[in-house]
Amino acid sequence: MGTPEKFTPLAFRSAAPDRGGLNRMPKVSASPILPDSVSAHRSDRGCEIVLPLGKDDKIYGLGLNTANFELSGHRAWVVPSDHPEDDTNESHAPDPFYVSSAGYGVYVDTARYATFSVGIASTKDEPAKRTVVIDVPTAKGVDVYVFAGPSTLEAVQRYNLFAGGGSVPPLWGLGMAFRGKGDSSAEDVRKLAKSFRADDIPCDIFGIEPGWQTQTYSSSFVWNKPRFPDPDRFIGQMHDLGYRMSFWEHPFTHPSSPIHEALKPFAGNYLVWNGLVPDFATKGGRDVFVGRQKEVLFSKGVDSLKIDEVDSQPFHHDRWSFPDTSVFPSGLDGEQMHSMFGILAQQALLQPLTDKNLRTWGLVRNSHALSAPLPYTLYTDSYDHKCYIRGLAKTGFGGHMWTPEVRDASSVEDLIRRIQTVIFSQYAMVDCWYMKMPPWLQIDADKSNAGVVMPEAPETTRLVRDLFRLRMSLVPYLYSAFNEYHRDGKPPVRALILDFPADPETAHVDDQFMFGPSLMVAPMIAGQAQRSVYLPKGVWFDYFTGERLEGGRKIEVSKPLAQLPLYVKADAMIPLAEPVGHVGKDTTFRIRVKVYGDHPAPFTLFEDDGETNDYAKGAQNRIELSWGGSSGVVKRSGEFSGRRYEIVGWDRLR
Ligand code: GAL
């Protein structure tokens, strides 16, 4: 309607639509929402769009608020914030895209803080009519996109393909990640990194927090030489130990930074923590800011970034970010910039690695619409375990990824249960940014910093190691799920409603989720002696005991600390790798294929160098695994000459 604004998420899209992928989707003859059932009004306050909502339709999405799930009855605000557990719908990824259980999706192309009143507003003329009322303030016009299904999952797929298709991680991105304490020195980091190898604790990514710089909050982007006297040597040594390096930064640029003067013309008019806010929508802003990051980080071999604080804190004490009235040289105002800041920062900081033909796996604290092609996972400072699990389930309603990161814990049980959640995320991370020791040695932050190892450390370490090894055994399986995300837009982690739309019991299940094509995870929370698990219709196998279970019912489950409720859908194959301590350039995974049920469907492994973008130019193999009645069959095709996978055996469960 009307004349859409110049600065919208589509104007800043990260990739072209994947037309090939969209063409592979089922043909749909009619629009799921008929134009004459939609109304739109323009006024001095902005745009209002009213969309129909069927009597029993359920609505999901609108980003990654972790307190809500099905949105009927909500007035949901898509506003960037670092408080995803508030029930306003504010979040680290306020994405104006929703899907309906009726099998379609709606995307409103706006960087404004739009509000979606879902099934709560009725008019005096048609009081019985259910609607979604969308309020887009300020705009004189807006484009609304409707994505067909026919299923809800297919509507999500179309949205992600429209965004350009899902990102493909480097293989190492799917291993374990650990972040050290903020004020660690190179020596501290190296010691810890070596101890993980000695203790056989799998770890691929080592994260360095703010203390690598001379000045933070805001940032100087200058190495802190007392802590890191020789950055090149340090990073080289960490690479030799098999770690990929992830560095913390936020964009706010301190007066002591060498780029401060050059950045000034390309920064917003307000400061944050006394630092400049780079305008990544200008070439000058990108060139100056990214140029510095190349010089201090990427030229030294840094593999990925944690882009912090690109969100906002609008409704809480300590409102540290820039005002919505800010003016940026590109022409964006503060509201638009808040919505786009994370996306623009991700795009800009991806470039130096893309230029080197390298993939990355980063962290970011703000994202928005059409983000599927961006290889960054969202995280938060909030810490409610239940909300963390819900966040994972919700990632599948769009193109986001979420890490329910593990920090300290209130008990060993709390730690283990949290780790059992994080190993089933897109980014499996333990984030010790305020703790000296890893939590398997000490769960309490103060004691950790006082150097006190807890008496339960040996047993806890054993449990944690086994869970990390479980994650490592699933790397090839998960990598395949990501290749499907890339090709078909199908998110690797999904709420049950997306996979079992015909089973109405799944509509409100927000504490279980699918991980890859055929694993279902139902994490436990500390204090639960047992939990109820909904098994959707069909046959399931308990991953740990192999027990065969009839679905279409709720079961009560108790699990010892070493296990969690984890189920395999019948007629599936799970390629399970012998766990490695980290994914090296030449790692070949030795795989046993677990074959479940009477009529196992084939499984495709994707094989490539695991770290460059050559796969997109054809340097990739497909390994088709199928069950030939009494033995497994392996068919490898493609143009990648290396070997990442070796199939060493098959196990049959029925
Ligand atoms: C926070 C961030 C944490 C940690 C910390 C370091 O903003 O969410 O994960 O990086 O900064 O100061």
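Indexing begins at 1, ligand by ligand and atom by atom, following the structure's order. Side chains included, hydrogens not; waters and symmetry mates left out as well; all remaining heavy atoms used. Predicted, not measured: the structure shown is a model, and the values here were computed from it.
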Worksheet item: Only one of T395, L174, L478, L378 clears side-chain contact (heavy atoms from CB on, under 4.5 Å) with Q426; which?
Response: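 For Q426, the side-chain contact (heavy atoms from CB on, under 4.5 Å) test succeeds with only one of T395, L174, L478, L378, which is T395.
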Worksheet item: Between K181 and D431, is there a salt bridge with N-O shorter than 4.0 Å?
Response: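 Salt bridge: no.
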List, for ligand 1, each N/O atom that has a protein N/O partner under 3.5 Å away, with both atom names and the distance.
| from | atom 1 | to | atom 2 | distance (Å) |
| --- | --- | --- | --- | --- |
| ligand 1 | 7 (O) | D308 | OD2 | 2.7 |
| ligand 1 | 7 (O) | E309 | OE2 | 2.4 |
| ligand 1 | 7 (O) | R365 | NH1 | 2.9 |
| ligand 1 | 8 (O) | R365 | NH1 | 3.0 |
| ligand 1 | 8 (O) | D381 | OD1 | 2.6 |
| ligand 1 | 8 (O) | D381 | OD2 | 3.4 |
| ligand 1 | 9 (O) | K306 | NZ | 2.7 |
| ligand 1 | 10 (O) | E209 | OE1 | 2.4 |
| ligand 1 | 10 (O) | W248 | NE1 | 3.2 |
| ligand 1 | 10 (O) | K306 | NZ | 2.8 |
| ligand 1 | 11 (O) | Y217 | OH | 3.0 |
| ligand 1 | 11 (O) | D308 | OD2 | 3.0 |
| ligand 1 | 12 (O) | Y217 | OH | 3.1 |

Discussion item. For P373, is there any backbone N or O sitting under 3.5 Å from a side-chain donor or acceptor partner on S167?
Written reply: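 A pair under 3.5 Å: no.
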Fill in: Evaluation steps, ring pair (Phe, Tyr, Trp, His ring centres under 6.0 Å), between F69 and F397
CA-CA 10 Å; F69 190 68; F397 296 135; 5.7 Å; yes
Side-chain polar contacts of residues 318-329 - donor-acceptor pairs under 3.5 angstrom, sequence neighbours left out - could you list them?
| from | atom 1 | to | atom 2 | distance (Å) |
| --- | --- | --- | --- | --- |
| R319 | NE | P314 | O | 3.3 |
| D324 | OD1 | Y113 | OH | 2.8 |
| S326 | OG | P323 | O | 2.6 |

Discussion item. Using side-chain heavy atoms (C-beta onward) and a distance below 4.5 Å, is K386 in contact with I525?
Written reply: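 K386 vs I525: side chains touch.
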